[in-house]
Amino acid sequence: MTRPRTTVVALAAGLLAAAGAFVVLSPSANAAATLGAAAAEKGRYFGTAVAAYKLSDSVYSGILNREFNSVTPENEMKWDATEPSQNSFSFSSADTIVNRAVANGAKVRGHALAWHSQQPSWAQNMSGTTLRNAMLNHVTRVATYYRGKIDSWDVVNEAFADGSTGARRDSNLQRTGNDWIEAAFRAARAADPAAKLCYNDYNTDGQNAKSNAVYAMVQDFKSRGVPIDCVGFQSHFNAQSPLPSDYQANLQRFANLGVDVQITELDIEGSGTTQANSFASVVRACLAVTRCNGITVWGIRDSDSWRASGTPLLFDGNGNPKAAYNSTLSALGGGTNPSSSPTSSPSTSISPSTSPSNPNPGGSGCTATTSVNAWNGGFVLTVKITAGSARINGWTAGLTLPSGSSVTNTWNATASGTSGAVSFTNVSYNGGVNAGASTEFGFQGTGSAPTTTPTCTSR
Ligand code: 9MR
C-alpha cells in the first residue's frame with residue numbers, strides 16, 4: 001500500500017543526514033505519484049472496494065498495493081457472508097482482505113453491519129423481536145471480532161426510501177421498529193469504541209428529500225447522544241443520476257452537524273474528458289470540506305465494477321490508468337504517475353525496512369497499558385504503547401498468557417508465538433512513536449485474558 005510521502009521524506013532525510021549530506025528537499029520536486037500518497041498529503045485516504053478472490057491476480061494486487069491506502073471489502077463483510085447460519089460466523093474471506101490491509105498500513109472501511117439486502121436466508125425469514133435480537137447479536141459479534149482493525153464501519157446501509165417521501169425504506173429490519181438504526185449504532189459503539197460509526201446511502205449526494213431525511217436523523221442522533229461519527233455518500237453516478245451541482249454544499253451541511261463525511265463507493269459511468277472532469281470535481285469537493293476524510297472508489301479496473309459496461313472506474317480492463325486517473329491524481333495535488341506499466345512500483349519508493357540509524361540508541365523507554373474485552377472462552381486485549389521522554393524507533397511488549405490461553409489473531413504488531421511468554425513487536429508503520437505519544441496494537445485470544453501489565457522495551 002502507499003505510504004504518506006512524509007514518511008518517505010523523513011526516511012530519505014535520515015539516510016542523507018547519516019551520510020553527512022546537506023540538502024534542501026523541495027516539495028514541488030517530489031509530487032506524490034500515487035492516489036494514496038497524494039491523498040495522505042492532504043490528510044485523507046484514497047481507497048477502493050476489494051474482492052478477496054481477485055487478490056491472486058497480480059495486475060489487480062499490483063495496482064492495489066501501489067495506489068490505495070484504504071480498502072472496503074466489497075461483499076465479504078455482509079451479513080450473508082459473515083453469518084451464513086445463525087450464530088455461526090465465517091470471517092475467512094474478509095480476514096484475507098483485512099489482514100493484508102493491516103499489514104500494509106492501509107485503513108479498512110467495514111461494510112456493512114445492518115442492511116436490508118444480502119441477508120442470510122435465515123434472517124430474511126425472521127421478524128419482530130427475534131430479528132431485532134439476531135441483528136444486534138450480528139452487529140456485536142462482527143464488530144467485536146474486528147475491533148481495533150476498522151477505521152470506519154458502515155453500521156447501517158441504505159435505510160431510507162428513494163423518491164420524495166423522505167420515509168424509511170420498508171424492510172424486515174424497519175418493521176422491528178423505527179429505533180432499529182440507533183440500536184445498531186449503540187451496539188456497534190459498545191463492541192468497538194475506537195471505530196468511526198457511519199450511516200451510508202446512495203442518492204443522498206445532493207440535497208433532496210432522501211438526503212434531507214438522513215440529515216434530520218443525524219441531527220436527531222447528535223441531539224440525543226446516539227453514537228454516530230460519519231455519513232457515507234456512495235456517489236454512484238451516471239447519466240440518470242449525475243454528479244449533483246450542490247455536492248460539496250451537501251457534504252458541508254452534514255459536516256456542520258458535527259460528523260465526518262466520506263465518499264464511500266465512487267464510480268462515474270462514462271469515458272474521456274467528461275468522466276475525468278467529474279472525478280476531479282468529486283476530489284475537489286472532498287478537499288474543500290475539512291471533515292471529508294477520504295474517497296473510496298468502488299473497484300479498481302472497469303472490468304472489476306458491478307456495472308462494468310459503464311466503464312466507471314480509474315483503470316481500464318488491462319490495468320492501465322485512464323484519463324480519469326490522471327485528473328484524480330492531479331486534483332489531489334499529485335504528480336504524473338511514473339509508471340505506465342500496471343504492475344511496476346514507483347521508482348522513488350524507499351522500503352521502510354531501510355530505516356535510518358537510530359539517533360537515540362536505547363530510547364528512553366516506553367510503557368504499556370491494556371484494556372480488555374472478554375467473554376466466555378475468549379478475549380480481545382488492546383495494548384497502548386506510550387513513549388517516555390524521548391522518541392522511540394521501535395518497541396516490543398512482552399506478556400505471559402495464562403495457561404490454556406492462546407493468541408489467535410494479532411493486529412498492528414507481530415507476535416513471537418501463540419502461548420506462554422509472547423513478545424509483540426511493532427510492524428513497519430508504527431515503530432516510531434514521539435516522546436509522550438502513543439500507538440496501539442491488539443490481539444484476540446482463546447481462553448482467559450492476561451491480567452498482568454505487559455513489559456515494554458524500546459529501540
Ligand atoms: O459491488 C457489489 C456487488 O458485487 C454485489 O453483487 C452487490 C449485491 O448487493 O453489492 C454491490 O455493492 C453495493 C454495496 O454493497 C452497497 N451500495 C451499492 C453497491 C453497488 O450495488
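We count ligands from 1, going down the list as the structure has it; atoms in each ligand are counted the same way. Both backbone and side-chain heavy atoms feed into the values below; hydrogens, waters and symmetry mates do not.
Scanning all protein heavy atoms for the shortest distance to atom 10 (O) of ligand 1 gives Lys78 NZ, 3.1 Å. Given atom 1 (O) of ligand 1, the protein heavy atom at minimum distance is Glu74 OE2, 2.4 Å. The protein atom (non-hydrogen) at minimum distance from atom 12 (O) of ligand 1 is Trp298 NE1, 3.3 Å. Ranking the protein heavy atoms by distance from atom 6 (O) of ligand 1 puts Asn75 OD1, 4.2 Å first. What sits closest to atom 19 (C) of ligand 1 on the protein, heavy atoms only, is Glu265 OE1, 3.3 Å. Distance from atom 9 (O) of ligand 1 to its nearest protein heavy atom, with residue and atom name: Gln118 OE1, 2.8 Å.
The distance between the ring centers of Phe237 and Tyr247 falls below 6.0 angstrom.
Backbone and side-chain nitrogen or oxygen atoms of Glu158 are examined, and one is located within less than 3.5 angstrom of a nitrogen or oxygen of ligand 1.
Numbered from 1 in the order shown, with element, the atoms of ligand 1 that lie under 4.0 Å from a heavy atom of His236 read 18 (C), 19 (C). Atoms of ligand 1 lying under 4.0 Å from any heavy atom of Asn157, numbered from 1 in the order shown and given with element: 16 (C). Residue Gln234 approaches ligand 1 through these ligand atoms, each under 4.0 Å from one of its heavy atoms: 17 (N), 18 (C).
Note on ring orientation: taking the six-membered ring where Trp is involved, the planes of Phe424 and Phe443 are parallel (angle under 30°, cut-offs 30° and 60°). The aromatic rings of Phe441 and Trp395 lie parallel to each other, with less than 30° between the two planes, well short of the 60° mark. Relative orientation of the Phe254 and Tyr215 rings is perpendicular, given thresholds of 30° and 60° on the angle between their planes.
Heavy-atom neighbours of Tyr53 OH from other residues, nucleotides or ligands within 6.0 Å: at or below the threshold of 12.
Of the heavy atoms in Tyr202, none comes closer than 4.0 Å to ligand 1.
Each of Lys107, Arg109, Lys196 was evaluated against Asn293; a single residue qualifies, Lys196, per the side-chain contact (heavy atoms from CB on, under 4.5 Å) test.
Side-chain N/O atoms of His138 and Trp79 include a donor and acceptor closer than 3.5 Å. Ser241 and Asn238 share no side-chain donor-acceptor pair at under 3.5 Å.
Using 4.0 Å as the threshold, His111 has a heavy atom nearer than that to some atom of ligand 1. Assignment of Asn200 to the shell around ligand 1 is not supported, since no heavy atom sits closer than 4.0 Å.
Residues Gln234 and Leu266 have side chains not in contact (no heavy-atom distance under 4.5 Å, counting atoms from C-beta outward).
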